[in-house]
There are 2 protein chains.
Amino acid sequence: MDDIDVKIVDMLQQNARISNAEISRRVNMAPSAVLERIKKLEERRVIREYGARLDPAAVGLGLLAFVAVKADYCEDDDTGRMLAAIPGVLEVHNVAGDDCYLVKVRTRDTEHLGRLLREQFRNIPAIRSTKTTIVLASVKETNSLPLPE
Amino acid sequence: MDDIDVKIVDMLQQNARISNAEISRRVNMAPSAVLERIKKLEERRVIREYGARLDPAAVGLGLLAFVAVKADYCEDDDTGRMLAAIPGVLEVHNVAGDDCYLVKVRTRDTEHLGRLLREQFRNIPAIRSTKTTIVLASVKETNSLPLPE
DNA sequence: TATGAAACGAGTCCATT
DNA sequence: AATGGACTCGTTTCATA
């Protein structure tokens, strides 16, 4: 990763639908050279994927919550995988501390969240307890990583 | 948002660098019609932005943590904005419950995290205390929202 | 690893329905 | 709100440095 790679991934982070031609103008290179670099960054998995960020409320997922999950065995990845498979579960992190998992979940409303916890989370055998934190408002939400100049 | 809009935003969610031509083939429409729809979805802010997801470790941000922040006034959005401005802070959520904010943060390592908490977080006047949860492994991490068929 | 030429495909605008 | 034609511009490959 040289400076030009950093510039390229930053542009793609900021706007994944920018054209190769535009990138190549901004780094003063031929489009074919930029294409080569992007392909390699994708192969090396420095670039994982390209995605559109949608307004969750516009697709009926107005409620955001974080659920701390205590399970019998934190090391057992099956529980994590079962959590990850539940619709609305966006993130599952294995965490240090009292809890085993921290789960980010979006649902329509509190009623749907309650149903999800009762019918999905509690049905996973190893889960001992859950503690839910409701998000009232998101001040910032991005996954653009700060890159060096 | 009709069925075709849902299909379009889902394709863009899955791969933001898909061409309009490819989308138009998959929904059996003229490219110009698809372009119109995408423009309107962007205008209505159903589509917020397009981004590349990078491997955090590849850009020197191998550590992920969540920080629960207690502040004097939860309602005061200045604290939230100050948190959001700190480099490495990716998400700031105003939450219900004991804490005021839940903050998602990426740093190089624990040393950098410690410095960030001491030098940045604790310097925000209204902040009373912080409680940090270190992520050991992320089982799932996406922001693709589950859409109806 | 970068370039430039060439061929092909995509993006965009607009008159029309 | 969608189409199809026309023009412009971008993408991709490959021979070459």
Side-chain angles (χ1 to χ4, degrees), chain A residues 1-62 142-149, chain B residues 1-62 142-149:
Chain A
M1 283 264 283
D2 61 8
D3 288 7
I4 293 170
D5 280 342
V6 171
K7 277 186 186 170
I8 290 173
V9 297
D10 206 16
M11 282 186 252
L12 287 168
Q13 240 193 168
Q14 250 49 70
N15 174 19
R17 277 177 81 75
I18 191 174
S19 68
N20 286 351
E22 181 59 27
I23 295 172
S24 64
R25 280 189 290 266
R26 295 195 197 169
V27 297
N28 298 310
M29 273 199 183
S32 48
V34 170
L35 185 64
E36 269 300 299
R37 278 171 177 267
I38 292 176
K39 277 185 181 171
K40 279 175 190 162
L41 288 162
E42 289 167 357
E43 272 166 24
R44 277 189 266 151
R45 305 265 303 149
V46 173
I47 298 172
R48 291 264 178 83
E49 54 184 27
Y50 303 100
R53 292 183 67 96
L54 309 181
D55 177 3
V59 295
L61 293 169
T142 186
N143 42 44
S144 277
L145 304 176
L147 301 183
E149 303 297 290
Chain B
M1 284 263 283
D2 61 8
D3 288 7
I4 293 170
D5 280 342
V6 171
K7 278 186 186 173
I8 291 172
V9 296
D10 206 15
M11 283 185 254
L12 287 168
Q13 242 194 166
Q14 249 51 67
N15 174 18
R17 277 178 82 74
I18 191 175
S19 68
N20 286 352
E22 181 58 29
I23 296 172
S24 63
R25 281 189 289 265
R26 294 195 198 168
V27 297
N28 299 309
M29 274 196 182
S32 48
V34 169
L35 185 66
E36 268 300 302
R37 277 173 177 266
I38 292 175
K39 277 185 181 170
K40 278 176 191 162
L41 287 161
E42 289 168 358
E43 272 166 24
R44 278 189 267 151
R45 303 266 303 152
V46 173
I47 298 171
R48 291 264 177 84
E49 55 186 24
Y50 303 99
R53 292 182 68 94
L54 309 181
D55 176 4
V59 294
L61 293 170
T142 186
N143 43 43
S144 276
L145 305 176
L147 300 182
E149 303 295 290

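Chain A is the first sequence line, chain B the second, and so forth, proteins listed ahead of strands; every chain is numbered from 1.
The side chain of A:Arg37 sits closest to C:dT1 out of C:dG11, C:dT1, D:dT11. Here the side chain of B:Ala21 is nearest to one of D:dT11, C:dG11, D:dT13, namely C:dG11. Residue A:Met29 has its side chain nearest to C:dT3 when only C:dT12, C:dT3, D:dT11 are considered. Side-chain proximity of B:Ala30 to D:dT3, D:dA2, D:dT12: nearest is D:dT3.
Whole-Å rounding puts the B:Lys39 NZ to D:dA1 C1' distance at 14 Å. Taking atom CD1 of B:Ile23 as the reference point, atom C1' of C:dT12 lies 15 Å away to the nearest angstrom. Rounded to an integer number of Å, the gap from A:Glu36 CD to D:dT11 P is 15 Å. Taking atom CG of A:Asp5 as the reference point, atom P of C:dA2 lies 8 Å away to the nearest angstrom. When rounded to the nearest whole Å, the span between CD1 of A:Ile38 and C1' of D:dT11 equals 11 Å. In this structure, A:Lys40 places its NZ atom 7 Å from P of C:dA2, rounding to the nearest Å. Rounded to an integer number of Å, the gap from CZ of B:Arg17 to C1' of D:dT12 is 13 Å. Atom CG of A:Leu35 and atom C1' of C:dG4 are 15 Å apart (whole Å).
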Query raised in the report: Would A:Val46 and A:Asp5 count as a side-chain contact (heavy atoms from CB on, under 4.5 Å) if you check the C-alpha gap in whole Å, the side-chain angles of each, and the deciding distance to 0.1 Å?
Result: CA-CA 10 Å; A:Val46 173; A:Asp5 280 342; over 6 Å; no

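B:Glu43 has no carboxylate O lying under 4.0 Å from a charged side-chain N of B:Lys39, or vice versa, which leaves the two without a salt bridge. Under 4.0 Å is where a charged nitrogen must lie from a carboxylate oxygen, and between B:Arg26 and B:Glu22 at least one such pair does.
Within 3.5 Å, no donor on the side chain of A:Ser19 pairs with an acceptor on the base of C:dG11, nor the reverse.
Annotation: side chain of B:Leu41 is not in contact with side chain of B:Leu12 (no heavy-atom distance under 4.5 Å).
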